[in-house]
2 protein chains.
Amino acid sequence: MNETDIFRALADPNRRAVLERLLDGEKNATELREGLRISQPAVSQHVAVLRGAGLIAEKKEGRHVRYSLAPEGLAPVLDWLTRYRAYWPERVERLKALLKEMDQ
Amino acid sequence: MNETDIFRALADPNRRAVLERLLDGEKNATELREGLRISQPAVSQHVAVLRGAGLIAEKKEGRHVRYSLAPEGLAPVLDWLTRYRAYWPERVERLKALLKEMDQ
DNA sequence: GCTATAGATAAGCAGATACTTATCTATCAG
DNA sequence: CTGATAGATAAGTATCTGCTTATCTATAGC
């Protein structure tokens, strides 16, 4: 839930890959594992780190667990990044375009 | 320069503190150290990690080195984060306000 | 009940991290 | 040249990470 936990969680490529996979909807652990060349326990451990950082939520359904992105989880990163906005040169233009697009 | 290097660099509180300090202008290593309860070599090592991640630039001036934030350094983080925009609920409102303010 | 499957937990280990003290290099002041 | 200072580098070490295999728990189907 704090910046350190979140940045540490995001520092691992396999964990970012897990988040990536959740972009297109809920997944269970086995689905999250696809494409990652690590064992089932390793996935479980990564998921625990992501959950601890507040980045994913889980919902038990029988013997399956459905994992999903936690909507507010990345907010501290955005907040942190915003403090450095003076150092986002032309990226700001891209963001403006993005927000305009989102308005439609 | 890649996401992993950047997130790893940001995962350490002392390194984030160094960046924080650079928000109000160039500093030399001794100034960066103020407030951090770590040795001079530790600061030097953190600075090396931040430089390696492309987050700070340095300019030698005699026996001093002036460190500053590297403007483009955080762009990959912003880009990464943008992919999760659907999960930024009301934060978007804050950003819109911010960008409007920057237009003035 | 028995067996299979989803996922978590335990234990162990190799490599990475963050720190320390000691030392080195380079510039500056006299 | 000499001594002091800014900063980097070297070497050593305790702790943390990310992984593995083995095992455990819990649900589901028969």
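Letters A, B, ... mirror the listed sequences (proteins, then strands); counts begin at 1.
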Measure the spacing between [atom1] of [X] and [atom2] of [Y] and express it to the nearest 0.5 Å.
X: A:L81; Y: A:Y87; atom1: CG; atom2: OH; value: 13.5 Å
X: B:L78; Y: A:R85; atom1: CG; atom2: CZ; value: 13.0 Å
X: A:E58; Y: A:I56; atom1: CD; atom2: CD1; value: 6.5 Å

Donor-acceptor check, side chain of A:R16 to backbone of A:L10, threshold 3.5 angstrom: yes or no?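 Yes: the side chain of A:R16 pairs with the backbone of A:L10.
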Can you measure [X] atom [atom1] to [N] atom [atom2] for me and round it to whole angstrom units?
X: A:Q45; N: C:dC13; atom1: CD; atom2: C1'; answer: 13 Å
X: B:H46; N: C:dA18; atom1: NE2; atom2: P; answer: 7 Å
X: B:I38; N: C:dT21; atom1: CD1; atom2: C1'; answer: 15 Å

Output every pair passing ring-ring contact (aromatic ring centres under 6.0 Å, His included) with a member in residues 4-31 of chain A, not counting sequence neighbours, ordered by first then second residue.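 Checked against ring-ring contact (aromatic ring centres under 6.0 Å, His included) - neighbours excluded - the pairs reaching residues 4-31 of chain A are A:F7-A:W80.
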Nearest heavy atom decides the nucleotide; on that basis, is A:S39 or B:V43 closer to the 5' end of DNA chain D?
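Upstream on the strand: B:V43.
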Inset, instruction - Nearest-nucleotide wise, let me know which of A:V49 and A:P41 is further upstream toward the 5' end of DNA chain D. - result: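 It is A:V49, whose closest nucleotide lies nearer the 5' terminus.
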Exercise for the section: Check every strand shown and say whether B:A42 touches a base, only sugar-phosphate, or nothing at a heavy-atom separation below 4.0 Å. Expected result: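 Touches a base.
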- [ ] Select base, sugar-phosphate, or nothing to describe what B:T30 touches, counting heavy atoms under 4.0 Å on all strands.
- [x]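 Counting heavy atoms under 4.0 Å across all strands, the contact made by B:T30 is with sugar-phosphate only.
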Side chains of residues 59-70 of chain B: which donor-acceptor pairs under 3.5 Å do they make with residues two or more places apart or in other chains?
{"unit_1": "B:K59", "atom_1": "NZ", "unit_2": "B:E26", "atom_2": "OE2", "d": "3.0"}
{"unit_1": "B:R66", "atom_1": "NH2", "unit_2": "B:E26", "atom_2": "O", "d": "3.2"}
{"unit_1": "B:R66", "atom_1": "NH2", "unit_2": "B:E31", "atom_2": "OE1", "d": "3.2"}

Could you tell me the boundaries of the chain A footprint on DNA chain D, defined by atoms under 4.0 Å from its heavy atoms?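 Here the contact window of chain A covers D:dC16 to D:dA28.
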TODO: Under 4.0 Å from any atom of DNA chain C, heavy atoms only: list the residues of residues 2-27 of chain A that qualify, in numerical order.
DONE: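 None, since no heavy atom is under 4.0 Å.
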Margin query: Once hydrogens and angles are ignored, does a donor-acceptor distance under 3.5 Å link the base of C:dT20 to the side chain of B:Q40?
Written below: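 Absent.
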Of all heavy-atom pairs between [X] and [Y], which one has the smallest distance, and what is that distance?
X: A:L55; Y: A:A9; answer: CD1-CB, 4.1 Å
X: B:P13; Y: A:T4; answer: CG-OG1, 3.6 Å
X: B:D79; Y: B:R83; answer: O-CG, 3.4 Å

Listing time: all N or O pairs from protein to nucleotides 26-28 of chain C that are below 3.5 Å?
{"unit_1": "C:dT27", "atom_1": "O3'", "unit_2": "B:R63", "atom_2": "N", "d": "3.3"}

For residues 33-50 of chain A, which side-chain donor-acceptor pairs fall under 3.5 Å, sequence neighbours excluded?
{"unit_1": "A:R33", "atom_1": "NE", "unit_2": "A:I38", "atom_2": "O", "d": "3.0"}
{"unit_1": "A:R33", "atom_1": "NH2", "unit_2": "A:I38", "atom_2": "O", "d": "3.4"}
{"unit_1": "A:S39", "atom_1": "OG", "unit_2": "A:A42", "atom_2": "N", "d": "3.3"}
{"unit_1": "A:H46", "atom_1": "ND1", "unit_2": "A:R15", "atom_2": "NH1", "d": "3.1"}

task: Side-chain contact test, heavy atoms from C-beta onward, threshold under 4.5 Å: evaluate it for B:T30 versus B:K27 and give yes or no.
output: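 No, too far: nothing below the 4.5 Å cut-off.
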